[in-house]
There are 2 protein chains.
Amino acid sequence: MAQAENPDLVERAINERLDEHIENVLKLIRQPSIAAENRGIEECAKLVRNLFKWVGCTTTEIFRTPGMPVVYGHLDCGAKTTILVYLMYDVKQVEGQHWTLVKDPFEPRVVEMPPFRRVIVGRGAVNSKGPMMAFLNAIRTLMDIDGRLPVNLKFVAEGEEEISSPHLYGFIVEHKELFRDARAVIMPLASQNIKGEVSLHLGCKGVYELELECSGESWGHGPTKDEIHSSYAPLVESPVWRLVNALATMKADPVDPELVTVKGFYDDIRAPGQNDRALLETLAKRVDFDSIKNSLGVKRFYNDLSGTKALERLLYTPTLNIQGIKAGYTGPSFMTILPSRAKVKLEVRLVPEMSAERVNRALTEHLRSRGFGDIRVIATDDDFGRAVGEKWAITDPASPCVQAAVTTYKELGYDPEIWPRMAGTAPLHAFTNPPLGLPLVIFGLGHGAKAHAPDEYYVVEGSGPVKGLAGAEYSYVRLLMNLARAYENP
Amino acid sequence: MAQAENPDLVERAINERLDEHIENVLKLIRQPSIAAENRGIEECAKLVRNLFKWVGCTTTEIFRTPGMPVVYGHLDCGAKTTILVYLMYDVKQVEGQHWTLVKDPFEPRVVEMPPFRRVIVGRGAVNSKGPMMAFLNAIRTLMDIDGRLPVNLKFVAEGEEEISSPHLYGFIVEHKELFRDARAVIMPLASQNIKGEVSLHLGCKGVYELELECSGESWGHGPTKDEIHSSYAPLVESPVWRLVNALATMKADPVDPELVTVKGFYDDIRAPGQNDRALLETLAKRVDFDSIKNSLGVKRFYNDLSGTKALERLLYTPTLNIQGIKAGYTGPSFMTILPSRAKVKLEVRLVPEMSAERVNRALTEHLRSRGFGDIRVIATDDDFGRAVGEKWAITDPASPCVQAAVTTYKELGYDPEIWPRMAGTAPLHAFTNPPLGLPLVIFGLGHGAKAHAPDEYYVVEGSGPVKGLAGAEYSYVRLLMNLARAYENP
C-alpha cells in the first residue's frame, strides 16, 4: 500500500507545506493572463509548463495553436489508468471594474472575509487559478510522499477559456493520439457554495457570442464615415435607431418579453427526459432560491419561478442576452451628434441539441427577412470554419468517473447536489464529444465566488463545512485514489 | 465722417495687424473651455473679460450664474444706437475623437488645407472662437482708427452654449435693465460655405436633450446592483433588452421608420406659412444638396428628398435622435455578463410651437402607457424649474438689422441665401423672446467647418469668394456702419 493511502500522513504533509502552497496560488494569480487582451498569456504558459515539471511531469510541451498556446504535461507513474486533467490558465478581463479589497486584481492579497479568516482576493482566485494550483499542490505532495500517483495524468491547460476556447477542440482533434489511453477527464474547481454544500454538474450549456453592427457604410443610409451634426437628423437616417429597431424584433412577443421571436431559435431544444426530471426534482428540494437571488442582488426571478420550474428554465432554456451595447457619445452631459454606427454584443446559451451554426443561420435569416440584411453579424469561425461557440456537453451519471467523484464526496462527509448540467459554459464538449468521447467531472471541495466580477476570492482557511486550501487539496488526493479503484475494479 | 468709413484705410489697418490678429485667435483656442466637463471655463471667462477691456469696454463684469459665468462688456461710444453682441466662449468636448491635423485640439496649428493656404485647426476654431476673435479684432482696429464705433456695443458672452445655455435666459431676465436700450442683437459667425456662398438664418430650431435610464433597481426585475454572470439569464430579466424594447416603441411605424410614434409629439407643429414657402422655394434653387450630402459623407437623404421638400423637412420637422447608447461590456472580445442598467441619450429638435416641457410630458406619458413607467427620464431643469432645452427663435425678415445684414453682404458682392431658420440650435430665444424681444442676426463673411468634429477649422487666408480672417473682420466693420444707418434713418 502506498503511504498516501494513510489519510493522516497526507493531511499532515499538506499542512506542513500550506504556507508554500498559498504562495504558489498567489504567484500564479500575479501573472496576468487575459486572453481577450492577449495580456501575459505567453508568460503564464511558461509558468504553467514549469509547474508541470515541478509536479513531476517527464514530458511537457507548449503547443502552438492559431490562438493562445496549450500547455501539455504527462505525469507517467506506470499506473494502469490514465486520467486527462483539463485546466485553464487564462482569466477574465478587469477593465472598468471597481475592486475594493485589492488595488490591483493582479496583486492578490490574503484578507479576512467573515466567516473566513483567510481568503485570497485577485483575478482568477476562484476561476480558476486557486483550484488549479490546489490540484497541482496536491499532486506534488503525493509525489513527495510516494514518488508516484495511483493514476497517470495527462494535463491539458488552455489559455483561452474565457474567450470561448476557439482552438481547444482543434488541438484535441489534432493530437487525439496523445489521449488515446485516457479513461476520463477531470477539471479541478471549487464546488462548494458559501454554506459548504457541494454541487456536481453532469455537463454544461454551450454558448455562442456574436456582435451585430449597423453602420451607414453597409446600410447605404445614414452617415457613412464619422458621426455628423445632429441638426441633419430630419434628412439623415440613424444606424443606432436601426439597430435598436432590429434588436426589438428579436424579443417582440407582446405577452412574454423574454421570449425570443427569432424563427427556429427554439427548434432544436430537447425537453428534459425522465432521468433528468428525477434529478431536477431531487435538486429542487435542496436548492435555496432565495439565497441565490440574494447573492445575485436580484429581487425577483422571471415569472417569480422557483423549485423544479425554476431549475428547468435555468438549465433547459436557451437565452439571447445583451452583454453590452454602444453607439455614439456616452460621456457626461450631451453631444449633438448623429452616430454613424452602433454595435451590440449578443450571447446565446445553447442547450442540447442546439448548435452555434444553426443559431447563426437563424439570426442572419431573421435579420434578412425583417429587412435588416445589411446589419453585419460578426462572429469568428473556429479552426473548422464553423461559427465560434462552445458546444453543450453531457456526461453519463453512471460512468465510473462520476461514481468516483460521488464516492469521494461521500467519504469526506458530503452529499453532493447532482445537477444534470450547469447553467454556465465550459469547454467540456472538446473532451465529451468524439474523437475522445470521454466522461468528465468537475470536482473539488473548496469555495470561492465573484468569478468575472470585482473582488473575486478563493477561501484559504475554511469555516464549518466549507473547506479551505488544505481541504481542497486533500479532496483531489482522494479523488485520484477512487478513480484508480473505479477504473481498475469496474 | 469717421475715418473708418474709408474702406481702403480700414482694410489696410486690418492687414497691418493680421499676424497679431491670427495670434489672438490661436491664444483664445489654446484656452480649453469645455462646459460639459467644466474644464477651463473660469480661465476663459477671465480671458474674454480682458479682451473686452482690450477692445475698449469701459465697463466689464463676470456675472455669476448657477452654471458657468456670463462675461459682460459695455463699449459706450456715445452713439445713438446700441447693439447687443452675443458671443459664446465655450466649446464642444473632444473626448474619444481622433484628430489628424493637430495632436491636441487645444494646441491649434495654422496649416495648409487646399484650396486654402492657411486655416486654423483646433477645437473652437469655427464654433466659435475664430469668428468671435475676428469680430473683436475688427472692433479694436476701428477703435485704433477712430477712437469710437458707429454704434454702442453691449457684449454678452456665455460659457455654456454647448450644453444648451441653461442659464442664459435667466441671466437676461435678471439683468434686463442692462439691455433696455439695445435695438438688435448680432452674433458674429462664419456664414460662408466652402464655395463662398453666404447664408443668413432668420431664427433656429430649439433642442431638448434627455437621458433615459433603465435599471434593475428602479424596475424591480433584473440585477439591482452590479452586473451578474449571464448564465442566470433564463431567470433574471435584462434592463438592456427592456430599454431597447421601450425605445423601439418610439419609432414603431411599419411604413416610415423615421416617424416618431409618441402620442402628441407632432401636435404643436406649425406648417410653413406663405412667406416661409416663398423663402424655401427661392432657397431650394440655390442649395446644392449633393454637395451637402458629400460633405456629410451621406449617400442618400431620407426618401431621396431634394429641393423644397428636403428643405421643408429639414427645417420644419422635429427629430428624436439617439446621440448615444451604452450598457454593459463594450470592450474587445466578449464578457459573459448580464448588465444591471442601460442608458440612452436622446435629443429632440424643436420647431415652432413645440416646447421642451410638452415633449417631456409626451415622452413620460408614452413610457408610462406602454408599461415602461419605471424607466427614468433624466432631464435637468433650468432656473425656472422647466425642462432644460433651448427654445426655437424667429426673427422678422423686415427688421432693420436683417436689412442691414443683407445690405452689407450685397455691398461686399454677395447675394445671401436667406433661410427662414436654421436646422441647428442656438440660444437665440433668450434675446428674441420677451422681455427683450429683439431681432437677431447671425452674421459674418468667412468659412470654417467640422464644428463639434475632429479637425475643426477656420479659414485664415481665403480663396476665390471665400474670405479669410481679414475679410471676415472687414465684413463686421461694414455691418456696424449699416446697423447705425438702419436704426438712425429707418
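Between chain A and the residues B:Pro318, B:Ala451, B:Ser238, B:Gly220, the most heavy-atom pairs under 4.5 angstrom are made by B:Gly220. Chain A forms the most heavy-atom pairs under 4.5 Å with one residue out of B:Ile292, B:Thr425, B:Leu296, and that residue is B:Leu296. Of the listed residues (A:Ala246, A:Ala310, A:Pro257), the greatest number of heavy-atom pairs within a distance under 4.5 Å of chain B belongs to A:Ala310. Counting heavy-atom pairs closer than 4.5 Å to chain A, the top-ranked of the candidates B:Lys343, B:Lys225, B:Met335 is B:Met335. By number of non-hydrogen pairs under 4.5 angstrom with chain B, the leading residue of A:Pro339, A:Ser230, A:Gly424, A:Ala36 is A:Ser230. Taking B:Ser340, B:Gly328, B:Ala342, B:Pro454 one by one and counting their heavy-atom pairs under 4.5 Å with chain A, the maximum is reached by B:Gly328. Counting heavy-atom pairs under 4.5 Å between each of A:Arg300, A:Lys450, A:Lys345, A:Arg313 and chain B puts A:Lys345 at the top. Heavy-atom pairs under 4.5 Å with chain B peak, among A:Pro223, A:Ala248, A:Ala327, at A:Ala327. Taking chain B as the reference chain and counting heavy-atom pairs below 4.5 Å, the highest number among A:Leu243, A:Asn321, A:Asn303, A:Val344 is found for A:Asn321. Taking chain A as the reference chain and counting heavy-atom pairs below 4.5 Å, the highest number among B:Gly96, B:Ala35, B:Gly216, B:Gly222 is found for B:Gly222. Of the residues considered (B:Val240, B:Asp226, B:Thr249), B:Val240 shows the highest number of contacts with chain A, using heavy-atom pairs under 4.5 Å.
Within the 4.5 Å cutoff, the side chain of A:Pro234 has heavy atoms near those of the B:Lys205 side chain. With contacts defined as side-chain heavy-atom distances shorter than 4.5 Å, the pair B:Val236/A:Tyr302 does not qualify.
In this structure, the portion of B:Leu305 lying under 4.5 Å from any heavy atom of chain A is its side chain and not its backbone. For B:Leu210, the part lying under 4.5 angstrom from a heavy atom of chain A is the backbone only. Interface remark: B:Glu347 contributes side-chain atoms only to the contact with chain A (heavy atom separation under 4.5 Å). With a 4.5 angstrom heavy-atom cutoff, A:Leu338 touches chain B via backbone and side-chain atoms both. Residue contact with chain A, scored on non-hydrogen atoms closer than 4.5 Å, involves the backbone and the side chain of B:Lys251 alike. With a 4.5 Å cut-off on non-hydrogen atoms, B:Arg349 touches chain A through its side chain but not through its backbone. The contact between B:Glu217 and chain A is made entirely by backbone atoms, counting heavy-atom distances below 4.5 Å. Using a 4.5 Å cut-off between heavy atoms, B:Ala453 makes no contact with chain A at all. Only the side chain of B:Glu258 comes within less than 4.5 Å of a heavy atom of chain A; its backbone N, CA, C and O stay farther away. Both the backbone and the side chain of B:Leu247 come within less than 4.5 Å of a heavy atom in chain A. Both the backbone and the side chain of B:Ser231 come within contact range of chain A, judged by heavy atoms closer than 4.5 Å.
In this structure, the separation between CD1 on A:Ile337 and CD on B:Gln97 is 8.5 Å, given to the nearest 0.5 Å. Going from atom NZ of A:Lys299 over to atom CH2 of B:Trp219 covers 12.0 Å, rounded to the nearest 0.5 Å. The CD1 atom of A:Ile322 lies 13.5 Å from the CZ atom of B:Arg242; values are rounded to the nearest 0.5 Å. Taken from CG in B:Leu314 to OH in A:Tyr232, the straight-line distance is 7.0 Å, to the nearest 0.5 Å. Summarising the geometry, atom OG belonging to A:Ser306 is positioned 10.0 Å from atom CG belonging to B:Leu235; distances are rounded to the nearest 0.5 Å. The CD atom of B:Glu211 lies 9.5 Å from the OG1 atom of A:Thr330; values are rounded to the nearest 0.5 Å.
When atom types are taken as modelled, the side chain of A:Trp241 and the backbone of B:Leu320 share a donor-acceptor pair closer than 3.5 angstrom. Without hydrogens or angle criteria, A:Lys326 side chain to B:Gly331 main chain gives no donor-acceptor distance under 3.5 Å. The closest donor-acceptor contact from the side chain of B:Asn245 to the backbone of A:Ala252 lies at 3.5 Å or more, if one exists at all.
The nearest pair of heavy atoms linking A:Pro332 to B:Gln93 is O-NE2, 3.5 Å. Nearest heavy-atom pair, B:Val298 versus A:Thr224, reported as atom, atom and distance to 0.1 Å: N-OG1, 4.5 Å.
Checked options B:Gln323, B:Glu209, B:His452; the residue passing with A:Thr336 is B:His452 (criterion: side-chain hydrogen bond (donor to acceptor under 3.5 Å, both in side chains)).
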